[in-house]
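Each chain gets a letter, A, B and so on, in the order its sequence line appears, and its residues count up from 1.
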Amino acid sequence: MFKNYILDILQKSLSKIGIEQREIIIEYPKNSDFGDISTNIAMQLARELKKSPRAIAQEIIDNLEYDANFITAVNIAGAGFINFKLGKSYFHFICENIAGFGENFGSSDFGIGKKAQIEYVSANPTGLLHLGHGRNAVIGDTLANIYKKLGFTTDREYYFNNAGNQMRNLARSIFARYHQLLGESDYPFPEDGYHGDYIIEIAQELIDLYGNKFAEDNTENLAFFQKYGEEWNFKRIKSTLERLNVFQDTYYNENTLYESGKIEQLLNELKENNLVYELDNALWLKLSQMGMEEDRVAVKSSGEPTYRLPDIAYHIEKFKRGYDEMVDIFGSDHIATYPDVLAVLKALGYDVNKVKVVIYQFITLVENGEQVKMSKRSGKSYTLDELIDEVGSDVVRYFFLMRGVNTHLEFDLGLAKEQSEKNPVFYLQYAHARICSIFQKAKEEGIYLSQNHYITELSEQIEFDLIKKIADFPEIIFESYKTLEPHIICDYLYDLAGIFHQFYHNCRILQESDPLRQARLHLANTTRITLKNGLQILGISAPEKM
RNA sequence: GCGCCAAUAGCUCAGUAGGAUAGAGCAUCAGCCUUCUAAGCUGAGGGUCGCAGGUUCGAAUCCUGCUUGGCGUACCA
């Protein structure tokens, strides 16, 4: 938004010297001596035009037409940077523009008319959510918020499987604890069973409800335990997600792919397209013909499909629903599996560019400099619920989002628990609360926002810095959509809060008289809206008082 | 062994369609409250961007090799 005018005049200048439309990179120089805004376009063109960057820069400037109220100086520096010094009118114009968006600032129509699906969490109901699921949930939910902000119609989906080995293992684990609680203390626990305390809780619940009615080891009883465990786990999973402000529209059961014949259909399609072959009683996917390392099994010799088949069928299902974009959120342990799925989809003629895969790295939990271990099947697991109990939902969300998805995230429990200036979440929320408190005070004094914004009253450097930062917001949202990196928004809001705090210290608001007071109130108000809308995307509350 | 991902300040991390003096937070040190919230602001110190080569006017960013760490490497999901 802030850069549009500059881009426009540069583009026109370029076309005058015979260079067609291209992407111009514009940035804010770190050193303010270089002006407010700069571009390296002359350097980019040097190789192509076989001229020195500085000469090209001069040529661009010579052909530049601009409003002298907007741009007060243009010069060449260094190897060929073109630097612009902006006039007050430019900042006023931008600020007025932002104010015009009101509470909707940051929304755009980029995705209007397009449908996106974001699939996240997708944990099977074999246990409680742990921290890894938390990172998955928060990344997925936030990306969905970003898509929504850009105007996409968004479907938030949870894909799960309530059949198979792991679920049978769950039933066996509960069954063993059930017997142990009934007094058979040496009843054997499954080798790779689920050791968490929640299994004991479930077993105890079953005893409280039914006594020893299900003690006999038969398939009916185990099936009952499996179903009971599934429902018990799902209830807990949903309540945990709800606490984190994560809501999903659809829970898609893998089983429906079998029931509706979609797996069968896929198998036929694979055979018709000659993408599979039989070997040792198993059905193999010809992945090596699709550019992959080696072939993999689609149907085991036991007749059971591997995960690949339903995964492919599920994605076909997504394609059939007509999504323009589909986002999958996976932990790094899945990094090797999705290329196979995509390769097959591609071979079947689907446009796999519509599928975006986010791979996030693992979390380590640290307290007092020591790593806290967490593992689902060992007894001592740190559940997501416990973490929310300790630090609250806002902190959990922010900490899970504040690093790049490809970074091993170190979650510092000590810092997270701290309710002080060290904790970045509070720094952000404090800025918002501070602004709200100014308006509260204004209200008490009978001061309200005027119709006229009186933006032209603003003249301090810090006010212009703030305007510049606010104006970046829409672009930041777009950037995080492009890169599928929510942390960009965290960093942005942190910077914005910082600049606001500086403004707050340097510029009085309510003590001034109108119209400057009004101008600053309006600037504070657009800051508030930006912070609030940004926090909303992150799923974090924007308190009015702290 | 092979594959993917990483390595940047004491710590946690930004920064990679090659660009100006590599940034932030925390920690350390020094300042600022009769003034709209000090959960704030101001300043200082702190770096062989893992190592070695290469590409070029220019490399944290691209290429090659190496070292270290994480995750994979199933007819588990």
Side-chain angles (χ1 to χ4, degrees), chain A residues 23 25 27 29-31 33-34 38 40 43-44 46-47 52-53 77-81 83 122-124 126 161 164-167 169 192 254 279-284 292-294 296-308 310-311 331-337 339 359 361-362 364 366 369 399 402-404 406-412 414-415 418-431 433-442 444-445 447 485 487-488 490-491 494-495 497-498 500-512 517 520-521 524 545-546:
Chain A
E23 199 170 347
I25 300 158
E27 54 189 9
K30 287 161 235 161
N31 187 337
D33 294 345
F34 294 133
S38 78
N40 64 352
M43 289 137 97
Q44 301 293 339
R47 203 158 300 181
S52 89
F81 289 95
N83 295 328
S122 296
N124 289 336
T126 56
N161 174 12
N165 280 329
Q166 296 311 317
M167 291 302 288
N169 189 4
D192 55 351
E254 180 184 316
L279 179 72
D280 300 335
N281 263 336
L283 193 68
W284 293 72
M292 298 288 110
E293 287 274 311
E294 49 192 305
R296 303 274 180 201
V297 169
V299 182
K300 299 184 235 174
S301 51
S302 66
E304 268 183 299
T306 65
Y307 71 91
R308 293 182 187 89
D311 270 14
S332 62
D333 52 338
H334 284 70
I335 198 152
T337 71
I359 300 285
Q361 298 295 329
F362 285 8
T364 48
V366 174
F399 274 59
M402 71 180 175
R403 304 296 181 217
N406 199 24
T407 298
H408 287 103
L409 190 153
E410 185 161 304
F411 195 108
D412 186 334
L415 176 63
E418 193 150 356
Q419 308 225 340
S420 77
E421 76 282 0
K422 290 176 204 160
N423 192 325
V425 187
F426 290 94
Y427 183 80
L428 270 181
Q429 294 181 318
Y430 184 63
R434 219 175 200 184
I435 299 171
C436 290
S437 120
I438 294 169
F439 280 98
Q440 181 56 37
K441 178 115 184 169
E444 285 161 18
E445 295 175 14
I447 303 165
E485 284 283 9
H487 89 271
I488 294 174
C490 293
D491 292 349
Y494 195 88
D495 286 350
F500 174 76
H501 285 309
Q502 284 177 51
F503 162 71
Y504 177 88
H505 276 267
N506 295 339
C507 300
R508 303 275 91 193
I509 299 176
L510 297 177
Q511 277 94 336
E512 298 291 344
R517 178 169 60 187
R520 286 187 176 160
L521 276 172
K545 271 187 201 155
M546 284 175 78

Exercise. Measure from the side-chain heavy atoms of A:I335 and tell me the nearest of B:rA77, B:rC4, B:rA39.
Key: B:rC4
Self-check item: Nearest-Å distance once atom C1' is located in both B:rA22 and B:rC13
Solution: 14 Å
Quiz prompt | Touch class at under 4.0 angstrom, heavy-atom based, for A:R508 against every strand present | solution = base
Quiz item: Considering only the C1' atoms, how many Å lie between B:rC57 and B:rC51, rounded to the nearest integer?
Solution: 26 Å
Quiz prompt | Minimum heavy-atom distance A:A79-A:M43, with the two atoms named | solution = CB-CE, 3.8 Å
Quiz item: From the list B:rA38, B:rG72, B:rC76, which nucleotide is the closest neighbour of the side chain of A:R434?
Solution: B:rA38
Quiz item: Hey, does the side chain of A:K300 come within less than 4.0 Å of B:rA74's phosphate (OP1/OP2), counting only N and O?
Solution: no
Quiz item: Using the C1' atom in both, what is the distance from B:rA20 to B:rU55, to the nearest Å?
Solution: 22 Å
Quiz item: Taking the P atom of each, how far is B:rU34 from B:rC29, in whole Å?
Solution: 24 Å
Quiz prompt | Span that lies between the P atom of B:rG40 and that of B:rG25, in whole angstrom | solution = 11 Å
Self-check item: Heavy-atom donor-acceptor pair, A:S301 side-chain to B:rC75 base, under 3.5 Å
Solution: yes
Self-check item: Nucleic acid footprint by protein, nucleotides 10-25 of chain B - heavy-atom cut-off 4.0 Å, B for base, S for sugar-phosphate alone
Solution: --BSSS-B-BBB---S
Quiz prompt | Residue whose nearest RNA chain B nucleotide is more 5′ - A:N281 or A:C436 | solution = A:C436
Self-check item: Separation of A:L283 CG from A:T306 OG1 (nearest 0.5 Å)
Solution: 9.5 Å
Quiz prompt | Nucleotide opposite B:rA7 in a Watson-Crick or G-U pair, distances under 3.5 Å | solution = B:rU67
Self-check item: Torsion-based syn/anti label for B:rC32, 90° from 0 as limit
Solution: anti
Quiz prompt | Qualifying residues under ring pair (Phe, Tyr, Trp, His ring centres under 6.0 Å), relative to A:F503, sequence neighbours excluded | solution = A:F500
Quiz item: Roughly how far apart, to the nearest Å, are B:rU8 and B:rU68 at atom C1'?
Solution: 16 Å
Quiz prompt | Between B:rU42 and B:rC33 - P atom distance, rounded Å | solution = 15 Å
Quiz item: Should we say atom CD of A:E293 is surrounded by more than 12 heavy atoms from elsewhere, each under 6.0 Å from it?
Solution: no
Quiz item: For B:rC29, which nucleotide in any strand shown is its Watson-Crick or wobble partner with both distances under 3.5 Å?
Solution: B:rG43
Quiz item: Can you check whether A:Q361's main-chain N or O pairs, donor with acceptor, with A:N406's side chain at less than 3.5 Å?
Solution: no
Exercise. May I ask you to say what A:S52 touches in the nucleic acid, namely base, sugar-phosphate or nothing, with a heavy-atom cut-off under 4.0 Å?
Key: nothing
Practice problem: With a 3.5 angstrom cut-off on both distances, give the Watson-Crick or G-U wobble partner of B:rG1, or none if there isn't one. | Solution: B:rU73
Exercise. Give A:Y427 one of three labels, base, sugar-phosphate or nothing, depending on what nucleic acid heavy atoms sit under 4.0 Å from its own.
Key: sugar-phosphate
Exercise. May I ask you to say what A:D412 touches in the nucleic acid, namely base, sugar-phosphate or nothing, with a heavy-atom cut-off under 4.0 Å?
Key: nothing
Quiz item: Are the ring of A:Y307 and the six-membered base ring of B:rA77 within the stacking cut-offs of under 5.5 Å and under 30°?
Solution: no
Quiz item: Looking for any heavy atom pair under 4.0 Å, which part of the strands does A:C507 touch: base, sugar-phosphate only, or nothing?
Solution: base
Quiz prompt | Nearest-Å distance once atom P is located in both B:rU35 and B:rU16 | solution = 44 Å
Self-check item: Donor-acceptor contact present, side-chain A:R520 to main-chain A:R508, <3.5 Å
Solution: yes
Practice problem: Name the closest nucleotide to the A:D333 side chain, picking from B:rA39, B:rC76, B:rG72. | Solution: B:rG72
Exercise. Could you tell me whether the side chain of A:N423 and the main chain of A:V425 form a donor-acceptor pair under 3.5 Å?
Key: yes
Quiz item: With no hydrogens and no angle check, is any side-chain donor or acceptor of A:D280 less than 3.5 Å from a backbone partner on A:S301?
Solution: no
Exercise. Output yes when a side-chain donor or acceptor of A:N31 lies under 3.5 Å from a complementary backbone atom of A:D33, and no otherwise.
Key: yes
Quiz item: Under the rule syn = chi within 90° of 0, otherwise anti, which is B:rA60?
Solution: anti
Quiz item: Considering heavy-atom distances to RNA chain B, does A:A433 or A:A497 have its closest nucleotide positioned more toward the 5' end?
Solution: A:A433
